[in-house]
Enquirer: 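Let me begin by handing over the structure; questions about it come next.
Protein chains get the first letters and strands the later ones, always in sequence-line order, with residue 1 at the start of each.
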Amino acid sequence: MAGLPKISALRIERFRNTVWEYYRKARRRLPWRQTTNPYHILVSEVMLQQTQVERVAEKYEAFINAFPDFPSLRRAPLHRVLSIWQGLGYNRRAIALKRIAEEVMRRYRGTVPSSVEELIALPGIGKATASAIVAFAYNQPSVFVETNIRRVIGHFFFPRREHVTEQELLAVVEKTLDRSDPRQWYYALMDYGAMLKRTHPNRVNVHRRRQPRFEGSRRQLRGVVLRTVLHQAGLTESALIEHIGKEPRQVREVLRQLKNEGFLKKRGGIYTIS
DNA sequence: TTCCTGACGC
DNA sequence: GCGTCGGGAA
């Protein structure tokens, strides 16, 4: 357990001023920042998990237009949700969102919960996303770290440190959090982090596991299989294997996997997406 | 190759 | 704690 860093009040104030000043001049006008609708904010936060802002911006509007509220998302067929999701990656998030719509309607009567504990209990929502929703939808001073915040805190409070633990980062985030307006503060913090990424590239002070190569991977095949069933519903297993033209054994394995995860259904030897 | 407003099962 | 989950862009 590393000792908590002692940060003077003066240093905190200077840090806040720096971040606020940058935000005043160069804040990003993102579509999900123009709303206070908790559902819209929840959707954006799930989309933004491990996905660049620019790419989410392209999909967000289409998704919100197609499914403007929990009821419309809940009753939408999965294949429609997945086709709008196409290109965002981590397709299981689309399934999670549908299940969230189901849960929120049933258990919370359509109102997004405002506590981190309740939010974490929803599928596809972990600590970071739950805290972000609390901050952005309800303007509450929750404490969380994501990649932009990590970069900012590392830059100002742990310079030339090779590795900084999650605990250390959270402690500093909590101390420097401007509770007068948590929502705007976190927007500002993350915008500053996005700026640092451009001005100080490859200065990463957190250990990150590198992903295996995507080309030729099973995840790539999963994407291909899902897209194929999406566009060519009602094919048998052998027809799918023929159409996809990859290792039959691997395609079969992926089909079984996708079926178990709720992407596909098989009825009478025919694969569909409900 | 690396990274991206992580979550989840084991 | 480790593996897996997408896909696009730089």
Enquirer: Using heavy atoms to find the nearest nucleotide of DNA chain C for A:Pro212 and A:Val224 separately, return the residue whose nucleotide is more 5′.
Expert: A:Pro212
Enquirer: Give the residues of residues 129-143 of chain A touching DNA chain C, defined as any heavy atom closer than 4.0 Å, sorted by residue number.
Expert: none
Enquirer: Which whole-number value in Å describes the distance from A:Met47 CE to B:dC4 C1'?
Expert: 15 Å
Enquirer: Report yes if a donor N or O on one partner sits less than 3.5 Å from an acceptor N or O on the other, where the partners are the side chain of A:Gln50 and the base of C:dC5; otherwise report no.
Expert: no
Enquirer: Any idea how A:Tyr187 and A:Tyr23 line up, ring-wise: parallel (<30°), tilted (30 to 60°), or perpendicular (>60°)?
Expert: tilted
Enquirer: Which comes earlier along DNA chain B counting from the 5' end, the contact point of A:Val53 or that of A:Ile125, where each point is its nearest nucleotide?
Expert: A:Val53
Enquirer: Below 3.5 Å, does any donor atom in the side chain of A:Arg222 face an acceptor in the base of C:dG6, or the other way round?
Expert: no
Enquirer: Among C:dG6, B:dT1, B:dA7, which nucleotide has an atom closest to any side-chain atom of A:Asn91?
Expert: C:dG6
Enquirer: Which side-chain hydrogen bond (donor to acceptor under 3.5 Å, both in side chains) pairs, counting each pair once, include a residue from residues 73-83 of chain A, with sequence neighbours left out?
Expert: none
Enquirer: Between A:Tyr192 and A:Phe156, is the ring centroid distance below 6.0 Å?
Expert: yes
Enquirer: Would you state whether a donor and an acceptor, one from the side chain of A:Thr51 and one from the base of C:dG6, lie under 3.5 Å apart?
Expert: yes
Enquirer: May I have the distance from A:Lys197 (atom NZ) to B:dT5 (atom P), rounded to whole angstrom?
Expert: 4 Å
